[in-house]
Visitor: 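Please read through the structure below; I'll follow up with questions.
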2 protein chains.
Amino acid sequence: MEMWFSDEHTDNVKLSIRVEQQLFSAQSEFQRIDVLESKEFGRILVADGDLMLTEKDEFIYHEMITHVPMAVHPHVEKVLVIGGGDGGIVRELVKYDALEKIDVVEADPLLIEVCRKFFPQMACSMNDPRVSIFNEDGLRFVRSKSDVYDLIIIDSPNPFGPGEGLFTKEFYGNCYNALHSDGVMINQHESPFYKEEAFQCQRMHKRIIESFPISKIYQAHIPSYPSGHWLFGFASKQYHPLNDLDGVTWTLKGIPTRYYLPRLHQGMFALPAYVEELVKDVE
Amino acid sequence: MEMWFSDEHTDNVKLSIRVEQQLFSAQSEFQRIDVLESKEFGRILVADGDLMLTEKDEFIYHEMITHVPMAVHPHVEKVLVIGGGDGGIVRELVKYDALEKIDVVEADPLLIEVCRKFFPQMACSMNDPRVSIFNEDGLRFVRSKSDVYDLIIIDSPNPFGPGEGLFTKEFYGNCYNALHSDGVMINQHESPFYKEEAFQCQRMHKRIIESFPISKIYQAHIPSYPSGHWLFGFASKQYHPLNDLDGVTWTLKGIPTRYYLPRLHQGMFALPAYVEELVKDVE
(Lines give C-alpha, C1' and ligand atoms only; values in the text may rest on other atoms or scores of the structure.)
Protein backbone atom coordinates (compact mmCIF):
# COMPACT_ATOMS: atom_id res chain seq x y z
CA MET A 1 0.00 0.00 0.00
CA GLU A 2 1.16 3.51 -0.78
CA MET A 3 0.16 6.30 1.58
CA TRP A 4 1.23 9.94 1.34
CA PHE A 5 0.61 12.86 3.65
CA SER A 6 0.53 16.23 1.91
CA ASP A 7 1.12 19.50 3.70
CA GLU A 8 -0.35 22.38 1.69
CA HIS A 9 2.12 25.24 1.58
CA THR A 10 -0.16 27.33 -0.61
CA ASP A 11 -3.15 26.43 -2.79
CA ASN A 12 -0.63 25.62 -5.50
CA VAL A 13 2.26 23.98 -3.65
CA LYS A 14 2.45 20.99 -1.36
CA LEU A 15 5.11 18.90 0.30
CA SER A 16 4.26 15.21 0.30
CA ILE A 17 5.80 12.67 2.63
CA ARG A 18 5.39 8.91 2.31
CA VAL A 19 3.64 7.52 5.35
CA GLU A 20 4.27 4.06 6.75
CA GLN A 21 1.44 4.12 9.23
CA GLN A 22 -1.08 6.38 10.91
CA LEU A 23 -0.37 5.94 14.61
CA PHE A 24 -3.05 8.15 16.11
CA SER A 25 -6.03 10.26 15.17
CA ALA A 26 -8.53 12.08 17.38
CA GLN A 27 -10.57 15.23 17.59
CA SER A 28 -10.02 17.30 20.72
CA GLU A 29 -12.12 20.23 21.83
CA PHE A 30 -9.75 22.45 19.86
CA GLN A 31 -8.42 20.55 16.87
CA ARG A 32 -7.97 17.28 15.07
CA ILE A 33 -4.65 15.71 16.01
CA ASP A 34 -2.88 13.04 13.94
CA VAL A 35 0.41 11.26 14.39
CA LEU A 36 1.99 9.65 11.33
CA GLU A 37 5.01 7.42 11.02
CA SER A 38 7.27 8.13 8.04
CA LYS A 39 10.60 6.81 6.83
CA GLU A 40 12.10 10.16 5.90
CA PHE A 41 10.99 12.41 8.76
CA GLY A 42 10.26 9.88 11.50
CA ARG A 43 7.06 10.66 13.35
CA ILE A 44 4.99 13.62 12.21
CA LEU A 45 2.55 15.64 14.31
CA VAL A 46 -0.38 17.01 12.32
CA ALA A 47 -3.00 19.48 13.62
CA ASP A 48 -6.11 20.12 11.54
CA GLY A 49 -4.29 18.70 8.54
CA ASP A 50 -1.24 20.96 8.86
CA LEU A 51 2.23 19.62 9.59
CA MET A 52 3.22 20.89 13.04
CA LEU A 53 6.55 19.19 13.47
CA THR A 54 8.58 16.12 12.55
CA GLU A 55 10.91 13.99 14.61
CA LYS A 56 13.72 14.60 12.12
CA ASP A 57 13.88 18.39 12.14
CA GLU A 58 11.98 19.63 15.22
CA PHE A 59 15.35 20.23 16.89
CA ILE A 60 16.01 23.14 14.54
CA TYR A 61 12.83 25.03 15.43
CA HIS A 62 13.09 24.32 19.15
CA GLU A 63 16.76 25.17 19.47
CA MET A 64 16.42 28.37 17.50
CA ILE A 65 13.41 29.68 19.38
CA THR A 66 15.07 28.93 22.75
CA HIS A 67 18.85 29.37 22.67
CA VAL A 68 18.94 32.68 20.79
CA PRO A 69 17.35 34.64 23.68
CA MET A 70 19.12 32.50 26.30
CA ALA A 71 22.51 33.48 24.85
CA VAL A 72 21.58 37.18 25.03
CA HIS A 73 19.62 37.75 28.25
CA PRO A 74 22.18 37.39 31.09
CA HIS A 75 19.93 36.15 33.89
CA VAL A 76 16.76 34.36 32.83
CA GLU A 77 14.98 32.83 35.80
CA LYS A 78 11.28 32.85 34.93
CA VAL A 79 10.00 31.81 31.51
CA LEU A 80 6.53 31.68 30.02
CA VAL A 81 5.92 29.43 27.03
CA ILE A 82 2.64 30.10 25.24
CA GLY A 83 1.61 27.03 23.28
CA GLY A 84 4.46 24.57 23.34
CA GLY A 85 2.43 21.65 24.62
CA ASP A 86 4.65 19.35 22.57
CA GLY A 87 7.46 19.91 25.07
CA GLY A 88 10.19 20.77 22.56
CA ILE A 89 10.93 24.21 23.99
CA VAL A 90 10.78 22.90 27.55
CA ARG A 91 13.34 20.24 26.65
CA GLU A 92 15.73 22.98 25.54
CA LEU A 93 14.95 25.26 28.50
CA VAL A 94 15.64 22.69 31.21
CA LYS A 95 19.22 22.46 29.96
CA TYR A 96 19.80 25.75 31.86
CA ASP A 97 20.42 25.14 35.55
CA ALA A 98 19.78 28.77 36.47
CA LEU A 99 16.16 28.62 35.32
CA GLU A 100 13.77 28.56 38.27
CA LYS A 101 10.31 28.51 36.78
CA ILE A 102 8.85 27.48 33.42
CA ASP A 103 5.14 28.15 32.90
CA VAL A 104 3.63 26.40 29.89
CA VAL A 105 0.22 27.60 28.77
CA GLU A 106 -1.25 25.02 26.41
CA ALA A 107 -4.99 25.16 25.87
CA ASP A 108 -5.29 21.61 24.56
CA PRO A 109 -4.51 18.86 27.12
CA LEU A 110 -4.87 16.16 24.43
CA LEU A 111 -1.93 17.65 22.53
CA ILE A 112 0.27 17.30 25.60
CA GLU A 113 -0.88 13.74 26.19
CA VAL A 114 -0.32 12.73 22.55
CA CYS A 115 3.20 14.18 22.53
CA ARG A 116 4.10 12.47 25.80
CA LYS A 117 3.07 9.18 24.27
CA PHE A 118 4.31 9.43 20.68
CA PHE A 119 7.21 11.91 20.95
CA PRO A 120 8.91 10.95 24.23
CA GLN A 121 12.29 12.34 23.08
CA MET A 122 10.60 15.74 22.76
CA ALA A 123 8.19 15.71 25.70
CA CYS A 124 10.80 14.16 28.01
CA SER A 125 11.18 17.22 30.24
CA MET A 126 7.55 18.12 30.87
CA ASN A 127 7.83 16.50 34.30
CA ASP A 128 10.76 18.65 35.36
CA PRO A 129 9.90 20.11 38.80
CA ARG A 130 10.34 23.66 37.50
CA VAL A 131 7.59 23.18 34.89
CA SER A 132 3.94 24.15 35.54
CA ILE A 133 1.40 23.37 32.88
CA PHE A 134 -1.73 25.51 32.54
CA ASN A 135 -4.50 24.26 30.27
CA GLU A 136 -5.76 27.74 29.64
CA ASP A 137 -6.19 30.27 26.91
CA GLY A 138 -2.83 31.99 26.31
CA LEU A 139 -4.41 35.39 25.72
CA ARG A 140 -6.30 35.39 28.96
CA PHE A 141 -3.39 33.95 30.93
CA VAL A 142 -0.94 36.62 29.90
CA ARG A 143 -3.46 39.44 30.38
CA SER A 144 -3.50 38.82 34.12
CA LYS A 145 0.30 38.96 34.52
CA SER A 146 2.43 41.99 35.20
CA ASP A 147 6.22 42.21 35.64
CA VAL A 148 6.58 38.44 36.16
CA TYR A 149 8.78 36.93 33.44
CA ASP A 150 12.27 37.39 32.02
CA LEU A 151 11.41 35.62 28.80
CA ILE A 152 8.21 34.81 26.93
CA ILE A 153 8.33 32.35 24.04
CA ILE A 154 5.29 32.29 21.77
CA ASP A 155 5.13 28.87 20.17
CA SER A 156 1.98 29.60 18.19
CA PRO A 157 0.60 27.86 15.16
CA ASN A 158 -0.14 30.04 12.12
CA PRO A 159 -2.23 33.22 12.37
CA PHE A 160 -5.31 31.61 10.82
CA GLY A 161 -8.01 29.92 12.87
CA PRO A 162 -7.82 29.36 16.62
CA GLY A 163 -4.32 30.81 17.06
CA GLU A 164 -5.31 34.15 15.54
CA GLY A 165 -5.48 36.02 18.86
CA LEU A 166 -1.78 35.31 19.44
CA PHE A 167 -0.92 37.63 16.58
CA THR A 168 -2.73 40.80 17.69
CA LYS A 169 -1.30 44.08 18.91
CA GLU A 170 -3.23 43.73 22.15
CA PHE A 171 -1.59 40.37 22.84
CA TYR A 172 1.93 41.67 22.21
CA GLY A 173 1.17 44.60 24.52
CA ASN A 174 0.07 42.19 27.24
CA CYS A 175 3.27 40.20 26.79
CA TYR A 176 5.21 43.44 27.18
CA ASN A 177 3.46 44.07 30.50
CA ALA A 178 4.00 40.50 31.70
CA LEU A 179 7.76 40.90 31.24
CA HIS A 180 10.27 42.44 33.64
CA SER A 181 11.83 45.74 32.60
CA ASP A 182 14.62 43.87 30.78
CA GLY A 183 12.42 41.12 29.38
CA VAL A 184 12.58 39.45 25.97
CA MET A 185 9.77 38.03 23.84
CA ILE A 186 10.41 35.53 21.04
CA ASN A 187 7.85 34.35 18.53
CA GLN A 188 7.73 32.20 15.44
CA HIS A 189 7.41 34.64 12.59
CA GLU A 190 6.26 32.65 9.53
CA SER A 191 8.14 32.49 6.22
CA PRO A 192 8.98 35.41 3.93
CA PHE A 193 8.70 33.48 0.68
CA TYR A 194 5.10 32.74 -0.20
CA LYS A 195 2.87 35.78 -0.60
CA GLU A 196 0.26 35.09 2.08
CA GLU A 197 2.82 34.17 4.74
CA ALA A 198 5.05 37.08 3.80
CA PHE A 199 2.08 39.38 4.37
CA GLN A 200 1.41 37.83 7.79
CA CYS A 201 5.07 38.13 8.63
CA GLN A 202 5.04 41.81 7.74
CA ARG A 203 1.87 42.52 9.71
CA MET A 204 3.23 40.69 12.76
CA HIS A 205 6.47 42.66 12.64
CA LYS A 206 4.55 45.94 12.43
CA ARG A 207 2.54 45.10 15.53
CA ILE A 208 5.59 44.02 17.52
CA ILE A 209 7.60 47.15 16.75
CA GLU A 210 4.65 49.15 18.00
CA SER A 211 4.99 47.43 21.37
CA PHE A 212 8.73 46.84 21.87
CA PRO A 213 11.65 49.29 21.50
CA ILE A 214 13.92 46.58 20.05
CA SER A 215 12.53 44.20 17.45
CA LYS A 216 14.70 42.15 15.10
CA ILE A 217 14.05 39.16 12.88
CA TYR A 218 16.23 36.10 12.51
CA GLN A 219 16.03 33.00 10.37
CA ALA A 220 16.69 29.29 10.18
CA HIS A 221 16.55 26.45 7.68
CA ILE A 222 13.61 24.21 8.64
CA PRO A 223 13.13 21.73 5.78
CA SER A 224 9.65 20.47 6.74
CA TYR A 225 8.15 23.99 6.95
CA PRO A 226 6.78 25.91 3.95
CA SER A 227 9.68 27.12 1.78
CA GLY A 228 12.16 25.83 4.39
CA HIS A 229 13.01 29.46 5.20
CA TRP A 230 11.60 30.22 8.62
CA LEU A 231 11.70 33.45 10.59
CA PHE A 232 11.63 34.23 14.30
CA GLY A 233 11.02 37.55 16.02
CA PHE A 234 13.28 38.86 18.81
CA ALA A 235 11.45 41.62 20.70
CA SER A 236 13.11 43.17 23.68
CA LYS A 237 12.84 46.01 26.20
CA GLN A 238 16.55 46.43 26.79
CA TYR A 239 18.90 43.75 25.40
CA HIS A 240 20.00 43.89 21.80
CA PRO A 241 20.16 40.46 20.11
CA LEU A 242 23.62 41.08 18.66
CA ASN A 243 25.29 43.70 20.85
CA ASP A 244 24.35 41.84 24.02
CA LEU A 245 25.15 38.35 22.80
CA ASP A 246 27.55 36.65 25.22
CA GLY A 247 28.73 33.63 23.27
CA VAL A 248 31.58 32.81 25.62
CA THR A 249 29.38 32.54 28.71
CA TRP A 250 26.85 30.53 26.74
CA THR A 251 29.52 28.13 25.46
CA LEU A 252 30.89 27.62 28.97
CA LYS A 253 27.50 26.31 30.06
CA GLY A 254 28.10 23.28 27.83
CA ILE A 255 24.57 23.16 26.44
CA PRO A 256 24.42 20.43 23.78
CA THR A 257 22.91 21.55 20.46
CA ARG A 258 22.67 20.23 16.92
CA TYR A 259 21.79 23.48 15.13
CA TYR A 260 22.41 26.54 17.31
CA LEU A 261 25.93 27.84 17.87
CA PRO A 262 26.92 31.33 19.06
CA ARG A 263 28.99 31.83 15.93
CA LEU A 264 25.81 31.22 13.92
CA HIS A 265 23.95 33.79 15.97
CA GLN A 266 25.14 36.92 14.13
CA GLY A 267 24.57 35.31 10.76
CA MET A 268 21.00 34.34 11.54
CA PHE A 269 20.09 38.01 11.94
CA ALA A 270 21.59 38.92 8.54
CA LEU A 271 18.56 38.74 6.28
CA PRO A 272 18.53 38.43 2.48
CA ALA A 273 17.87 41.70 0.65
CA TYR A 274 14.30 40.81 -0.27
CA VAL A 275 13.41 39.89 3.32
CA GLU A 276 14.98 43.09 4.64
CA GLU A 277 12.82 45.04 2.25
CA LEU A 278 9.69 43.18 3.28
CA VAL A 279 10.36 44.06 6.89
CA LYS A 280 11.55 47.62 6.27
CA ASP A 281 8.29 48.53 4.58
CA VAL A 282 6.59 48.55 7.98
CA GLU A 283 9.43 49.89 10.13
CA MET B 1 -8.22 20.33 -15.33
CA GLU B 2 -5.79 19.81 -12.49
CA MET B 3 -2.13 19.24 -13.30
CA TRP B 4 0.72 18.89 -10.80
CA PHE B 5 4.44 18.56 -11.32
CA SER B 6 6.24 16.64 -8.59
CA ASP B 7 9.92 16.98 -7.90
CA GLU B 8 11.21 13.95 -6.04
CA HIS B 9 13.46 15.04 -3.19
CA THR B 10 13.99 11.48 -2.02
CA ASP B 11 12.07 8.26 -2.68
CA ASN B 12 9.83 9.30 0.21
CA VAL B 13 9.44 13.05 -0.18
CA LYS B 14 8.27 15.21 -3.06
CA LEU B 15 7.43 18.84 -3.65
CA SER B 16 4.41 19.27 -5.89
CA ILE B 17 3.60 22.43 -7.80
CA ARG B 18 0.34 23.09 -9.59
CA VAL B 19 0.94 23.50 -13.31
CA GLU B 20 -1.13 25.77 -15.53
CA GLN B 21 0.37 24.59 -18.79
CA GLN B 22 3.24 22.62 -20.27
CA LEU B 23 4.95 25.11 -22.55
CA PHE B 24 7.67 22.92 -24.02
CA SER B 25 8.95 19.37 -24.08
CA ALA B 26 11.74 17.82 -26.12
CA GLN B 27 14.49 15.27 -25.92
CA SER B 28 17.96 16.56 -26.73
CA GLU B 29 21.04 14.46 -27.26
CA PHE B 30 21.71 14.80 -23.53
CA GLN B 31 18.43 15.05 -21.67
CA ARG B 32 14.71 15.57 -21.77
CA ILE B 33 13.88 19.24 -21.28
CA ASP B 34 10.47 20.53 -20.15
CA VAL B 35 9.20 24.00 -19.44
CA LEU B 36 6.11 24.35 -17.25
CA GLU B 37 4.03 27.38 -16.40
CA SER B 38 2.89 27.62 -12.77
CA LYS B 39 1.06 30.21 -10.71
CA GLU B 40 3.26 29.93 -7.63
CA PHE B 41 6.75 29.70 -9.13
CA GLY B 42 6.23 31.18 -12.59
CA ARG B 43 8.00 29.17 -15.28
CA ILE B 44 9.82 26.03 -14.26
CA LEU B 45 12.72 24.39 -16.09
CA VAL B 46 12.79 20.61 -15.75
CA ALA B 47 15.59 18.31 -16.93
CA ASP B 48 15.02 14.56 -16.98
CA GLY B 49 12.11 15.07 -14.59
CA ASP B 50 14.11 17.05 -12.02
CA LEU B 51 13.33 20.66 -11.20
CA MET B 52 16.31 22.73 -12.37
CA LEU B 53 15.08 26.23 -11.58
CA THR B 54 12.00 28.38 -11.27
CA GLU B 55 11.36 31.94 -12.35
CA LYS B 56 10.42 32.89 -8.80
CA ASP B 57 13.54 31.85 -6.92
CA GLU B 58 16.33 31.38 -9.48
CA PHE B 59 17.73 34.77 -8.40
CA ILE B 60 18.78 33.30 -5.07
CA TYR B 61 20.90 30.53 -6.57
CA HIS B 62 22.43 32.72 -9.27
CA GLU B 63 23.22 35.65 -6.99
CA MET B 64 24.74 33.44 -4.35
CA ILE B 65 26.95 31.46 -6.70
CA THR B 66 28.21 34.66 -8.38
CA HIS B 67 28.46 37.60 -5.97
CA VAL B 68 30.12 35.77 -3.09
CA PRO B 69 33.40 35.24 -4.99
CA MET B 70 33.08 38.59 -6.77
CA ALA B 71 33.01 40.40 -3.42
CA VAL B 72 36.17 38.58 -2.29
CA HIS B 73 38.49 38.33 -5.32
CA PRO B 74 39.74 41.91 -5.95
CA HIS B 75 40.35 41.77 -9.70
CA VAL B 76 38.35 39.19 -11.62
CA GLU B 77 38.79 39.61 -15.36
CA LYS B 78 38.39 36.14 -16.85
CA VAL B 79 35.64 33.77 -15.77
CA LEU B 80 34.76 30.24 -16.80
CA VAL B 81 31.21 28.99 -16.20
CA ILE B 82 30.83 25.22 -16.53
CA GLY B 83 27.22 24.38 -17.25
CA GLY B 84 25.15 27.52 -16.84
CA GLY B 85 23.50 27.34 -20.25
CA ASP B 86 20.41 28.91 -18.71
CA GLY B 87 22.23 32.25 -18.54
CA GLY B 88 21.46 33.04 -14.89
CA ILE B 89 25.09 33.28 -13.80
CA VAL B 90 26.04 35.24 -16.90
CA ARG B 91 23.28 37.75 -16.12
CA GLU B 92 24.87 38.35 -12.71
CA LEU B 93 28.44 38.42 -14.06
CA VAL B 94 27.83 41.06 -16.73
CA LYS B 95 26.86 43.50 -13.96
CA TYR B 96 30.63 43.87 -13.36
CA ASP B 97 32.20 46.33 -15.78
CA ALA B 98 35.73 45.14 -15.03
CA LEU B 99 35.03 41.65 -16.38
CA GLU B 100 36.69 41.10 -19.74
CA LYS B 101 35.88 37.53 -20.71
CA ILE B 102 33.17 35.06 -19.77
CA ASP B 103 33.49 31.55 -21.20
CA VAL B 104 30.38 29.39 -20.85
CA VAL B 105 30.79 25.66 -21.45
CA GLU B 106 27.38 24.12 -21.92
CA ALA B 107 27.25 20.75 -23.60
CA ASP B 108 23.58 20.95 -24.60
CA PRO B 109 22.75 23.67 -27.17
CA LEU B 110 19.03 22.92 -26.86
CA LEU B 111 19.11 24.00 -23.21
CA ILE B 112 20.51 27.38 -24.20
CA GLU B 113 17.93 27.79 -26.94
CA VAL B 114 15.03 26.84 -24.66
CA CYS B 115 16.14 29.29 -21.96
CA ARG B 116 16.58 32.11 -24.45
CA LYS B 117 13.01 31.54 -25.59
CA PHE B 118 11.17 30.77 -22.34
CA PHE B 119 13.31 32.53 -19.70
CA PRO B 120 14.32 35.79 -21.40
CA GLN B 121 14.77 37.61 -18.06
CA MET B 122 17.41 35.01 -17.19
CA ALA B 123 19.10 34.44 -20.56
CA CYS B 124 19.08 38.16 -21.36
CA SER B 125 22.86 38.60 -21.18
CA MET B 126 24.02 35.64 -23.22
CA ASN B 127 24.62 37.99 -26.17
CA ASP B 128 26.94 40.26 -24.18
CA PRO B 129 30.10 40.73 -26.29
CA ARG B 130 32.27 39.38 -23.47
CA VAL B 131 30.47 36.02 -23.52
CA SER B 132 31.71 33.05 -25.55
CA ILE B 133 29.62 29.91 -25.57
CA PHE B 134 31.24 26.51 -26.09
CA ASN B 135 28.99 23.53 -26.72
CA GLU B 136 31.53 21.12 -25.35
CA ASP B 137 32.07 18.70 -22.55
CA GLY B 138 33.08 20.65 -19.43
CA LEU B 139 35.59 18.04 -18.30
CA ARG B 140 37.46 18.00 -21.57
CA PHE B 141 37.33 21.80 -21.92
CA VAL B 142 38.91 22.48 -18.57
CA ARG B 143 41.55 19.78 -18.99
CA SER B 144 43.14 21.74 -21.82
CA LYS B 145 43.43 25.02 -19.87
CA SER B 146 46.27 26.17 -17.68
CA ASP B 147 46.61 29.44 -15.74
CA VAL B 148 43.80 31.13 -17.69
CA TYR B 149 40.96 32.11 -15.32
CA ASP B 150 40.47 34.18 -12.17
CA LEU B 151 37.21 32.48 -11.34
CA ILE B 152 35.57 29.18 -12.27
CA ILE B 153 31.89 28.66 -11.42
CA ILE B 154 30.62 25.10 -11.65
CA ASP B 155 26.89 25.24 -12.27
CA SER B 156 26.46 21.49 -12.38
CA PRO B 157 23.32 19.43 -11.94
CA ASN B 158 23.41 16.74 -9.27
CA PRO B 159 26.20 14.14 -9.11
CA PHE B 160 24.07 11.36 -10.58
CA GLY B 161 23.90 10.63 -14.30
CA PRO B 162 25.56 12.74 -17.00
CA GLY B 163 26.93 15.40 -14.61
CA GLU B 164 28.85 12.82 -12.57
CA GLY B 165 32.26 13.69 -14.02
CA LEU B 166 31.94 17.23 -12.64
CA PHE B 167 32.21 15.86 -9.12
CA THR B 168 35.49 13.95 -9.39
CA LYS B 169 38.84 14.71 -7.85
CA GLU B 170 40.44 14.77 -11.29
CA PHE B 171 38.02 17.46 -12.41
CA TYR B 172 38.68 19.67 -9.38
CA GLY B 173 42.41 19.23 -9.97
CA ASN B 174 41.99 20.36 -13.57
CA CYS B 175 40.03 23.40 -12.41
CA TYR B 176 42.89 24.20 -10.05
CA ASN B 177 45.31 24.15 -12.97
CA ALA B 178 43.03 26.24 -15.17
CA LEU B 179 43.03 29.01 -12.54
CA HIS B 180 45.59 31.75 -12.01
CA SER B 181 47.70 31.54 -8.85
CA ASP B 182 45.07 33.55 -6.92
CA GLY B 183 42.06 31.91 -8.55
CA VAL B 184 38.75 30.92 -6.95
CA MET B 185 36.44 28.01 -7.78
CA ILE B 186 32.77 27.99 -6.72
CA ASN B 187 30.44 25.04 -7.04
CA GLN B 188 26.93 24.13 -6.04
CA HIS B 189 27.34 21.75 -3.15
CA GLU B 190 23.97 19.96 -2.67
CA SER B 191 21.94 19.99 0.53
CA PRO B 192 23.03 18.69 3.94
CA PHE B 193 19.60 17.52 5.05
CA TYR B 194 18.57 14.35 3.25
CA LYS B 195 20.91 11.42 3.69
CA GLU B 196 21.89 10.74 0.09
CA GLU B 197 22.60 14.40 -0.69
CA ALA B 198 24.42 14.88 2.59
CA PHE B 199 26.69 12.02 1.62
CA GLN B 200 27.37 13.56 -1.81
CA CYS B 201 28.03 16.87 -0.15
CA GLN B 202 30.55 15.30 2.18
CA ARG B 203 32.30 13.42 -0.61
CA MET B 204 32.49 16.55 -2.74
CA HIS B 205 33.99 18.56 0.10
CA LYS B 206 36.61 15.88 0.72
CA ARG B 207 37.69 15.95 -2.92
CA ILE B 208 37.89 19.73 -3.04
CA ILE B 209 39.99 20.07 0.12
CA GLU B 210 42.42 17.61 -1.43
CA SER B 211 42.90 20.04 -4.35
CA PHE B 212 42.63 23.54 -2.84
CA PRO B 213 44.38 25.03 0.22
CA ILE B 214 41.26 27.02 1.18
CA SER B 215 37.86 25.37 1.02
CA LYS B 216 34.80 26.68 2.84
CA ILE B 217 31.10 25.99 2.56
CA TYR B 218 28.32 28.56 2.59
CA GLN B 219 24.56 28.30 2.45
CA ALA B 220 21.38 29.91 1.17
CA HIS B 221 17.62 29.46 1.44
CA ILE B 222 16.38 28.18 -1.94
CA PRO B 223 12.72 27.19 -1.47
CA SER B 224 12.30 25.16 -4.67
CA TYR B 225 15.34 22.94 -4.00
CA PRO B 226 15.25 19.80 -1.83
CA SER B 227 14.98 20.79 1.85
CA GLY B 228 15.33 24.47 0.87
CA HIS B 229 18.76 24.44 2.53
CA TRP B 230 21.35 24.69 -0.21
CA LEU B 231 25.13 24.72 0.05
CA PHE B 232 27.87 26.18 -2.10
CA GLY B 233 31.60 25.48 -2.03
CA PHE B 234 34.20 28.28 -2.02
CA ALA B 235 37.59 26.82 -3.01
CA SER B 236 40.53 29.13 -3.34
CA LYS B 237 44.29 29.25 -3.83
CA GLN B 238 44.89 32.47 -1.92
CA TYR B 239 41.85 34.56 -0.95
CA HIS B 240 39.90 33.71 2.17
CA PRO B 241 36.13 34.08 1.75
CA LEU B 242 35.74 36.05 4.99
CA ASN B 243 39.11 37.68 5.70
CA ASP B 244 39.39 38.98 2.15
CA LEU B 245 35.80 40.13 1.77
CA ASP B 246 35.73 43.77 0.69
CA GLY B 247 32.11 44.73 1.24
CA VAL B 248 32.70 48.46 0.87
CA THR B 249 34.26 48.19 -2.58
CA TRP B 250 31.53 45.79 -3.64
CA THR B 251 28.78 48.10 -2.41
CA LEU B 252 30.30 51.08 -4.24
CA LYS B 253 29.91 49.19 -7.50
CA GLY B 254 26.15 49.56 -7.11
CA ILE B 255 25.34 46.01 -8.24
CA PRO B 256 21.58 45.47 -7.82
CA THR B 257 20.68 42.28 -5.91
CA ARG B 258 17.58 40.82 -4.28
CA TYR B 259 19.27 38.24 -2.03
CA TYR B 260 23.00 38.86 -1.69
CA LEU B 261 24.33 41.62 0.53
CA PRO B 262 27.87 41.95 1.94
CA ARG B 263 26.46 42.01 5.49
CA LEU B 264 24.88 38.63 4.72
CA HIS B 265 28.21 37.27 3.52
CA GLN B 266 29.71 36.42 6.93
CA GLY B 267 26.50 34.84 8.10
CA MET B 268 26.23 32.55 5.11
CA PHE B 269 29.49 30.88 6.06
CA ALA B 270 28.27 30.22 9.62
CA LEU B 271 26.92 26.69 9.35
CA PRO B 272 24.53 24.96 11.75
CA ALA B 273 26.18 22.55 14.17
CA TYR B 274 24.99 19.43 12.35
CA VAL B 275 26.30 20.69 8.99
CA GLU B 276 29.64 21.64 10.52
CA GLU B 277 29.95 18.12 11.82
CA LEU B 278 29.07 16.60 8.48
CA VAL B 279 31.82 18.59 6.85
CA LYS B 280 34.39 18.20 9.63
CA ASP B 281 34.22 14.45 9.34
CA VAL B 282 36.21 14.64 6.12
CA GLU B 283 38.48 17.59 6.92
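In this text, all values refer to a predicted model and were calculated from it rather than measured experimentally.
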Visitor: Among the options Pro272(B), Ala220(B), Gly228(B), pick out the one with the most heavy-atom pairs lying under 4.5 Å from chain A.
Guide: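 Looking at each of Pro272(B), Ala220(B), Gly228(B) in turn, Pro272(B) comes out on top.
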Visitor: Name the region of Leu261(B), side chain, backbone, both or neither, that has any atom closer than 4.5 Å to a heavy atom of chain A.
Guide: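 For Leu261(B), the contact with chain A is made by the side chain alone.
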Visitor: At a 3.5 Å cut-off, give me the donor-acceptor pairs between chain B and chain A, one pair per line with the distance.
Guide:
residue, atom, partner, partner atom, Å
Thr10(B), OG1, Glu40(A), OE1, 2.8
Asp11(B), O, Arg18(A), NH2, 3.1
Asn12(B), O, Arg18(A), N, 2.8
Asn12(B), OD1, Arg18(A), NE, 2.8
Lys14(B), N, Ser16(A), O, 2.9
Lys14(B), O, Ser16(A), N, 2.8
Ser16(B), N, Lys14(A), O, 2.8
Ser16(B), O, Lys14(A), N, 2.9
Arg18(B), N, Asn12(A), O, 2.8
Arg18(B), NE, Asn12(A), OD1, 2.8
Arg18(B), NH2, Asp11(A), O, 3.0
Glu40(B), OE1, Thr10(A), OG1, 2.8
Lys56(B), NZ, Phe193(A), O, 3.2
Phe193(B), O, Lys56(A), NZ, 3.2
Ala220(B), O, His221(A), NE2, 3.2
His221(B), NE2, Ala220(A), O, 3.3
His221(B), NE2, His221(A), NE2, 3.3
Arg258(B), O, Tyr274(A), N, 2.7
Tyr259(B), O, Ala273(A), N, 3.1
Arg263(B), NE, Glu276(A), OE2, 3.0
Arg263(B), NH2, Glu276(A), OE1, 2.5
Arg263(B), NH2, Glu276(A), OE2, 3.1
Ala273(B), N, Tyr259(A), O, 3.0
Tyr274(B), N, Arg258(A), O, 2.7
Glu276(B), OE1, Arg263(A), NH2, 2.5
Glu276(B), OE2, Arg263(A), NE, 3.0
Glu276(B), OE2, Arg263(A), NH2, 3.1

Visitor: If I compare all heavy atoms of Val13(B) with all of Leu15(A), which pair ends up nearest, and what's the gap?
Guide: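 Heavy-atom minimum between the residues: CG1-CD1, 3.9 Å.
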